[in-house]
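Here it is, the structure in full.
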Amino acid sequence: MSGLEVHDVPDGVDPDAWHLDVTGAVASELTFDREDLRALPVETFTADFTCVEGWVAEDLSWRGVRVGDVLDRAAPTAAASHALVHAMDGEYACSFPLNDLADAVLALELDGAALPVEHGGPARLVPTGEADCWESVKWVAELTVTESAPEDADTAESIALSRVG
Ligand SMILES: Nc1nc2c(c(=O)[nH]1)N[C@H]1C(S)=C(S)[C@@H](COP(=O)(O)O)O[C@H]1N2
Ligand SMILES: [Mo]
């Protein structure tokens, strides 16, 4: 039991079809599959997770790869400043300053087991600093590097807040 709330898995989420694309302002656009990610250095850290809807899951143990290691393989341009993290559930996407994103972990495991699909498996973004719950993007499928802040495409906060009654 992770302590996280269990939400329905939306249409469009298909773990078997999953891969991770790194696109946009990079020297080489790349696609990673699970094996490619597992070849990167792995880290584990423990954190509480708090949702704006008013629940907390304590002491979650996440294991995965640093997003910075993924991004470095694609070599962001000198002018790259942000990235948009896209999920497999339709329009859901969240933007980050590139430096903050580099420190985040792309979690592949939770509490010692493969990350279950209902909690964002195969890969969920877990920011390592202060973060809002909607920034922990489940089913991460694409990182689009940009040279300015993506505004309209950053939908995660409004989707999450629209669920708060
Ligand atoms: N792709 C995607 N990621 C998402 C969301 C979502 O709707 N889609 N909801 C966010 C919000 S608001 C919360 S609180 C957590 C919920 O995580 P859980 O379903 O594992 O409890 O996922 C976050 N990541
Ligand atoms: Mo949330």
Side-chain angles (χ1 to χ4, degrees), residues 1-24 31-34 36-37 42-68 70-71 82-98 100-146 149-165:
M1 289 290 111
S2 68
L4 288 164
E5 299 262 299
V6 177
H7 298 95
D8 290 337
V9 176
D11 292 344
V13 173
D14 178 0
D16 295 330
W18 179 86
H19 48 77
L20 174 67
D21 293 324
V22 184
T23 61
T31 298
F32 292 79
D33 61 20
R34 290 172 172 78
D36 299 327
L37 288 181
V42 172
E43 21 188 278
T44 304
F45 76 101
T46 299
D48 295 345
F49 184 88
T50 305
C51 172
V52 68
E53 289 175 53
W55 50 269
V56 184
E58 292 180 335
D59 271 339
L60 303 177
S61 174
W62 301 103
R63 186 171 171 80
V65 299
R66 265 188 81 249
V67 179
V70 174
L71 292 170
H82 291 74
L84 191 65
V85 179
H86 301 265
M88 289 179 106
D89 51 335
E91 299 293 294
Y92 198 98
C94 192
S95 84
F96 296 86
L98 212 48
D100 296 349
L101 187 62
D103 287 334
V105 165
L106 194 63
L108 308 172
E109 294 180 27
L110 171 62
D111 293 340
L115 181 61
V117 65
E118 63 269 26
H119 293 308
R124 172 175 180 152
L125 188 76
V126 185
T128 43
E130 281 296 303
D132 294 306
C133 60
W134 56 81
E135 296 181 293
S136 182
V137 180
K138 299 184 280 191
W139 315 297
V140 173
E142 186 175 351
L143 307 175
T144 304
V145 179
T146 58
E151 289 177 0
D152 292 350
D154 186 351
T155 60
E157 177 175 4
S158 62
I159 291 173
L161 294 181
S162 73
R163 289 196 295 246
V164 182

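As the structure lists them, so they are numbered: ligands from 1, and atoms in each ligand from 1.
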Practice task
Could you tell me which atoms of ligand 1, counted from 1 in the order shown, lie closer than 4.0 angstrom to a heavy atom of Cys51?
Solution key: 14 (S)
Handout entry: Protein contact of atom 7 (O) of ligand 1 - nearest heavy atom, named by residue and atom, plus distance
Key = Arg163 NH1, 2.9 Å
Practice task
Write down the atom of Val65, the atom of Leu37, and the distance for their closest heavy-atom approach.
Solution key: CG1-O, 3.4 Å
Completion exercise
In this structure, CD1 of Ile159 is separated from OH of Tyr92 (nearest 0.5 Å) by 7.0 Å
Problem - Ligand-side contact atoms (ligand 1) for residue partner Trp55, heavy atom cut-off under 4.0 Å - result: 14 (S), 21 (O)
Practice task
For ligand 1, note which part of Arg124 has a heavy atom under 4.0 Å away: side chain, backbone, both or neither.
Solution key: side chain
Completion exercise
Of all protein heavy atoms, the one nearest atom 10 (C) of ligand 1 is Tyr92 OH, 3.4 Å
Completion exercise
In short, side chain to side chain donor-acceptor pair (under 3.5 Å) pairs touching residues 121-134 with sequence neighbours left out are Arg124-Ser136
Handout entry: Pairs meeting criterion side chain to side chain donor-acceptor pair (under 3.5 Å) with involvement of residues 47-65, two or more places apart
Key = Thr44-Arg63
Exercise for the section: Check whether more than 12 heavy atoms from other residues, nucleotides or ligands sit under 6.0 Å from atom CD of Glu5, and answer yes or no. Expected result: yes
Problem - Where ligand 1 meets Ala87 - atom numbers and elements under 4.0 angstrom, heavy-atom basis - result: 1 (N)
Exercise for the section: Measure the spacing between OG1 of Thr155 and CG of Leu84 and express it to the nearest 0.5 Å. Expected result: 7.5 Å
Exercise for the section: Note the single closest protein heavy atom to atom 18 (P) of ligand 1, along with its residue, its atom name and the distance in Å. Expected result: Glu5 O, 3.5 Å
Handout entry: Within-shell test, Ser136 vs ligand 1, heavy atom, strictly < 4.0 Å
Key = yes
Handout entry: His119 neighbourhood, listing ligand 1 atoms whose heavy-atom distance to it stays under 4.0 Å
Key = 18 (P), 20 (O)
Fill in the blank from the handout: Counting from 1 in the order shown, the ligand 1 atoms closer than 4.0 Å to a non-hydrogen atom of Ala160 are 12 (S)
Practice task
Please state whether Asp89 comes within less than 4.0 angstrom of ligand 1, counting heavy atoms only.
Solution key: yes
Practice task
Please indicate whether any nitrogen or oxygen in Lys138 is less than 3.5 Å from any nitrogen or oxygen in ligand 1.
Solution key: yes
Practice task
First locate atom CG of Leu110, then atom CG of Leu115, and finally report the distance between them rounded to the nearest 0.5 Å.
Solution key: 6.0 Å
Completion exercise
Between Leu98 and Ala83, the two heavy atoms sitting closest are CD1-CB, 3.8 Å
